[in-house]
Structure formats: structure tokens, C-alpha cells
Amino acid sequence: MLTKTKTIIIGLVLLVALVLCLPAIIGYIVQGTEQAQGQTDLRFTEIDTDFTHASDFVAGLPFMGLSTIDVDGDGVDEIFAGGGVGQQDALLVYQDGALVASSLGKGLTKDNADPTYGAGSIDMDNDGRVDLLVARDSGLYLYLNKSDGFEGAKIEFPLDEKSMPLSVAFGDINKDGAVDLFVSNYIRPEYVEGETIFNQVYGGISNLLLNNGDNTFTDITQVSGVYEQHNTFTAVFADLDNDSFSDLVIAQDTGFVRIYKNNGDTTFERIELPVTYSYPMGIAVSDFDNNGYLDFYFSNVGNTLPDFLVRGDLTKEQELNKDYILLKNLGDFNFEDVASELNAADYGFGWGLISFDFNNDTRADYLITQNYIRFPGVEHLELYPGNLLQQYEGNQFKPVESVANIENKKFGVTTLATDFNNDGWPDVVIGNLDGKLRAFLNNGGSNHWLKVNFPDSVHSLGALLTLTMADGTRYYNQIYASEGLGSDQVSSAFFGLGNNSAIASLDIQFQNGDTVNIAEPAANSVISVADYIKPATE
């Protein structure tokens, strides 16, 4: 029998052991187990960056804007990184194998107390230079590229007094050649009543802004049919039925995925979707199954939190989905959530995510940023690595981030893809809250590819691409903006070709009816669409 003293000693030892192991135990219970890594030839090499995000996450929301922008028109993107509370924004250039501060960012200034939550680049005034839009706590700003620097001004529109912009999406909903905007808005911190409110009329009111042709805007949120008071993270304009009109896809917080069909007269129709209550945050866009229609992948809270913490005011009859959502586009605005059957559902708390064929094997992959900086005691947990989901035969996905050397066990919130060295293999930039910006060069491989560069302009938005191989196989792509979360990607279309290098043709259909047809483009080459576009007549 144990003596009383021995019992006390053993009890103290067990208590100390429990305290020491508590973070690991919490991590296992909260974070869940990680899936085994898939096989991949993908390898990334990290390069240095000259930006570290800093913020006050009591005064500001946990977001940061990140955008590619080819400021000087040399065919290589610069990177715009949004600063937090007490920090200026930054413009970085790829130089000597690193991302370093650039003098091209002259004029990109802001109030230090005004955090930047979202950003995107496009030529707003049709002068051939790419401009920048920035979503901040105080409003939405347009910075015009004057070749020797930027001139910035706040965009005036009827922003609800309780709402603040998180991100901005670009489209041309009436095909008049001017950039229209959807501004995703969130409730201001001083009006927050909770983070799990589903059933009340609560949150920010987003805005659909029709360009008057001179970069002033008319708010058509109500008359267009997209009005809803609900906190919204981000949105994407894309042509979902290939009718040459930009439709609208929205990710709400504590709500739903929303898809609106463009009726062609600046009004929209809400589409019924096979989704339930959830926390969709970022939006990744691609035709992952190569059927000629764009599909959409949404991050969610995933397996991180138990139901009782996230059900909020849902009733017992209302179904909550914590899994990631992969909406397969069947055509004619019919969608099916195939995330579970394709191993794309059960992952940790996610934010921004994007879709590119990173290994050029003809199949679209997904890159996800993860971790929530506002979780109590999160600093004691083993953070998620951020998932790189590679697609395999049969459209199945497996994580490969560890093998591919692109793990990011930081507070990742948004991510970009571009091609710094113009080798046809997508490179990656990851924005970390209160941490260093990370960038990774894609080491490439033996697969063939074709890269198609588009002007970062309104004319390119919604362009449909069909690549026909010599054996009759066809691959599809589309030009869209604002993919991810508070971010905007490279204005290029990437085609992975696997081991096939014989191309018959590339056909491009623009929203305004223009077409480009290129016979037998060479594999492993870069095509500039601007070389094939007829100059506008006076």
C-alpha cells in the first residue's frame, strides 16, 4: 500500500505532468490529427522578404490586404502588402532572388492608425498603367498609377455608418468598359454584438457600385437584388454559365455562400445552393474537373472547434456545416458540394485560399492559409501548417505542404500566386498576421506548360480560354480578379500540360465579343495577349 506521503508526491508529479502536457492535449483535442502527406514532385524554395506585418488586434480586425501589381509594366509583378495599425503599406519588388522594398510605391501612403484589410490591382482609367484599390477601416481608396508614383483619393459611396470595407472585387457587369465594384463590408468593432450570430439581422451592409464611366460610382445594391445585411469577407465576379456576363460569388461570415446570376440588365438573381449555415471565409476559383465551368472552394472553421462553440443562435433544426465547401459547377447554375468525397472537407480553421495547377500536371490544386490569431491561448498550440492540396487522378486531393517545403505554421490569412522568374511555374506569397511576409519560388519540374499574359484591365475580365491539344483534349480557363481573401492574383492564365507538348490551338472569347485565335502555340512558352488585340479605333 502507498503511504500518504508517497500518494501526495505521485499526485504532484501527475499534476505537473498534466500542466506541462496541457498545450499538447488541447492541441490534439482542438486542432485534431493531421492527414498523411501525399506523394508529390513539387518543391518550393523560400526567399527573403522585406516586410513584417504588425498590428493591434484589439483596435483592428485580423486581416491584411495583399495584391500583385505590375507597376512598371515589365511583365514581373510587384507585391503590395497592407500595413496594420501603426504601420504603413509596402510595395515590394522581386530583385536578386528576394522581395525588397521598392521605390515604385511613391504615393502609397495612409494614416498609420488606419489598417489595410484588402487590396486589388486593375487599370481603372484605361491609360495602360495598372492602378490599385485598397480597402481600409476608414473606407475604399483608389491609387492611380502616374508612372512616377501614385495619386490616391477616397472613393465616395454610401457606406453604411456601422460598416467597414474588408475587400473589393472587380467586374464589368454591364459590359460598358468601366470597372464595377463589389465592396465586402464587415460590422465596425464598436458595434459588434457577437461572432456567432446567424438568425438576427446583423452585420455590415456590402455595396455593389456601378461605374459611371469616370471612376465615380452609383450604388445599385438595393435595385440590383444583392442587398443583404450580413458580415461579408470577400467576393468574386466570374462568368459561371459562359454567357459573357459576370456573375457574383460571395463568402459571408456566420452565414452562407451566396451566388447571384447576372441577368444582363444590372439586376441579379440569387441561386439556390446545396449549402447550410457555415463560416465561409476565402474563395478559390478554378475549373478543377475541367468540364468548362468554374468551380468554387470555400474555407471554413473546419475540424478546429466543437459544435457548441460555433452554433451560436442556431436552433436544433438548423444544420451547421463546419467543413470546407467545394461547389462543383454542373452547368446552368446547378452546383454540388463534393468536398467530402474528394477529401477536400476536413481541414483546420482556414482563411484565404487560391487554386492553381502548381505542378503543371493538368489538374488544379489548392493552397490554404490557416490559424486564428484571436483564439485564447493559441500561442501554446502547434499551429496548422497551411495546406497545399494536390489533386490526383479521380479528382482526389491530398495535403503535400510538408513534402513540398511550403509549410507556414504562422497566422496565415491570405496568399498570392504569381510568376517572379517567368518560368511558367506559379510562385507563392503568403501574408501572415503580425508576422513576416513569406515568399516561395516554385522549383518546377519536367511537365509542360503554357502561360498566357493578359493586360490587367477591364477588357480582360471574364475572358474565356479554350486550349485544344493535338490529340483533341481540351483545357479551359477564365480571367477573373479578387480570388482569395482581401487579395488579387496575377493577371495570367496558366495551363499545366503534363507530358503532352503538342498544342493545336488557343481560343479566347472576350466579354465584349472580341476573339483571339492562335494556331499551334509552342508549349513551355509565354503568350502576350496584348500582341493579338486590335487597337481601339478613335
Test side chain to side chain contact (heavy atoms under 4.5 Å, CB included) on L465 and F454; report intermediate values, then the result. CA-CA 11 Å; L465 295 86; F454 282 77; 3.8 Å; yes
Test Y366 against Y297 for ring-ring contact (aromatic ring centres under 6.0 Å, His included), laying out the working first. CA-CA 9 Å; Y366 294 109; Y297 190 38; 4.4 Å; yes
Does any N or O in the side chain of N231 come within less than 3.5 Å of the main-chain N or O of G203, such that one atom is a donor and the other an acceptor? no
Would you check if there is a donor-acceptor pair between the side chains of N343 and Q35 at a distance under 3.5 Å? yes
With a 4.5 Å cut-off on side-chain heavy atoms, are T49 and K436 touching? yes
Kindly give the heavy-atom pair with the smallest separation between S206 and V183, and that separation in Å. CB-O, 3.1 Å
A side-chain contact here means heavy atoms from C-beta on lying under 4.5 Å apart; do N453 and V490 qualify? no
Between Q37 and E401, is any pair of side-chain heavy atoms under 4.5 Å apart? yes
For the side chain of N447 and the backbone of N359, is there at least one donor-acceptor N/O pair under 3.5 Å apart? yes
Side chain to side chain contact (heavy atoms under 4.5 Å, CB included) assessment of N300 paired with D323: CA-CA 6 Å; N300 206 339; D323 288 343; 5.5 Å; no
Check whether any side-chain heavy atom of L181 lies under 4.5 Å from a side-chain heavy atom of I155, and answer yes or no. yes
Counting distance only, does the side-chain N/O of D123 pair as donor-acceptor with the main-chain N or O of D456 below 3.5 Å? no
Should D423 and K451 count as an ion pair when the cut-off is N to O under 4.0 Å? no
Quick one: CG on D247 to CG on N262, what's the gap to the nearest 0.5 Å? 6.0 Å
F233 versus M281, closest heavy-atom pair with distance: CE1-CG, 3.0 Å
Counting only N and O atoms by type, is there a donor-acceptor contact under 3.5 Å from the side chain of Q478 to the main-chain atoms of D239? yes
Parallel, tilted or perpendicular: rings of F375 and Y372 (30°, 60°): perpendicular
Say you draw a straight line from CG of L91 to CG of D50; how long is it, rounded to the nearest 0.5 Å? 11.5 Å
Nearest 0.5 Å, please: how far is OG1 in T116 from CG in D111? 10.5 Å
Knowing that exactly one of D427, N442, N443 qualifies, which makes a side chain to side chain donor-acceptor pair (under 3.5 Å) with T45? N443
Flag the pair I250 / Y260 as yes when at least one side-chain heavy-atom distance between them is below 4.5 Å, and no otherwise. yes
Go through the steps to decide whether Y94 and V429 satisfy the test side chain to side chain contact (heavy atoms under 4.5 Å, CB included), and finish with yes or no. CA-CA 11 Å; Y94 179 67; V429 179; over 6 Å; no
First locate atom CE of M124, then atom CG of L133, and finally report the distance between them rounded to the nearest 0.5 Å. 5.0 Å
Distance-only side-chain donor-acceptor flag, N185 / N207, under 3.5 Å: yes
Minimum-distance pair of heavy atoms, taken over all atoms of L61 and M164: CD1-SD, 4.0 Å
Testing the basics here: between L248 and A235, what is the closest heavy-atom pair and its distance to 0.1 Å? CD1-CB, 4.1 Å
Side-chain donor-acceptor pair present, N212, T218, cut-off under 3.5 Å: yes
4.5 Å side-chain heavy-atom contact, V413 and N432: no
Specify whether F150 and Y143 have parallel, tilted or perpendicular ring planes, treating 30° as the upper limit for parallel and 60° as the lower limit for perpendicular. perpendicular
Would you say that more than 12 heavy atoms from the other residues, nucleotides or ligands in this model lie under 6.0 Å from the CG of D214, or not? yes
Without swapping roles, check the side chain of D365 against the backbone of F358 for a donor-acceptor pair under 3.5 Å. yes
Under a 3.5 Å distance rule, please check whether Y279 uses its side chain to pair with a backbone N or O of V310 as donor and acceptor. yes
Between atom CD1 of I173 and atom CG of L461, what is the distance when rounded to the nearest 0.5 Å? 12.5 Å
Going through the distances and angles, do Y384 and Y347 end up as a ring-ring contact (aromatic ring centres under 6.0 Å, His included)? CA-CA 9 Å; Y384 293 121; Y347 294 94; 9.6 Å; no
The reported gap from CD1 in I508 to CD1 in I479 (rounded to nearest 0.5 angstrom) is 8.0 Å
Does any donor atom in the side chain of Q390 or T40 lie under 3.5 Å from an acceptor atom in the other side chain? yes
Would you confirm whether S121, through its side chain, and T68, through its main-chain N or O, come within 3.5 Å as a donor-acceptor pair? yes
Would you say D114 and Y141 make side-chain contact, with heavy atoms under 4.5 Å? yes
So, the side chain of K110 versus the backbone of D89: is there a donor-acceptor pair under 3.5 Å, distance only? no
Please identify each residue that fulfils side-chain hydrogen bond (donor to acceptor under 3.5 Å, both in side chains) with D160, with sequence neighbours left out. S163
Side chains of I79 and L66: closer than 4.5 Å at any heavy-atom pair? yes
Please determine, by modelled atom types, if N112 and Q87 share a side-chain donor-acceptor pair under 3.5 angstrom. no
Would you confirm whether E483, through its side chain, and I354, through its main-chain N or O, come within 3.5 Å as a donor-acceptor pair? no
Taking atom NZ as the centre, does K106 end up with more than 12 heavy-atom neighbours from other residues, nucleotides or ligands that are less than 6.0 angstrom away? no
Residue D434 excluded, over 12 heavy atoms near CG under 6.0 Å: yes
With a 6.0 Å cut-off (strictly less than), is the heavy-atom count around CD of E195, excluding the residue itself, greater than 12? no
Any chance you could lay out the side chain to side chain contact (heavy atoms under 4.5 Å, CB included) test for F420 and L99, step after step, and finish with the verdict? CA-CA 10 Å; F420 289 121; L99 282 179; 3.8 Å; yes
Taking N211 for the side chain and V179 for the main chain, is one N or O donor matched with an acceptor at less than 3.5 Å? yes
Quick check: closest heavy atoms across I283 and V249, and the distance to 0.1 Å? CD1-O, 3.8 Å
What heavy-atom pair brings L159 and P165 nearest, and what distance separates the two atoms? CD2-CD, 4.0 Å
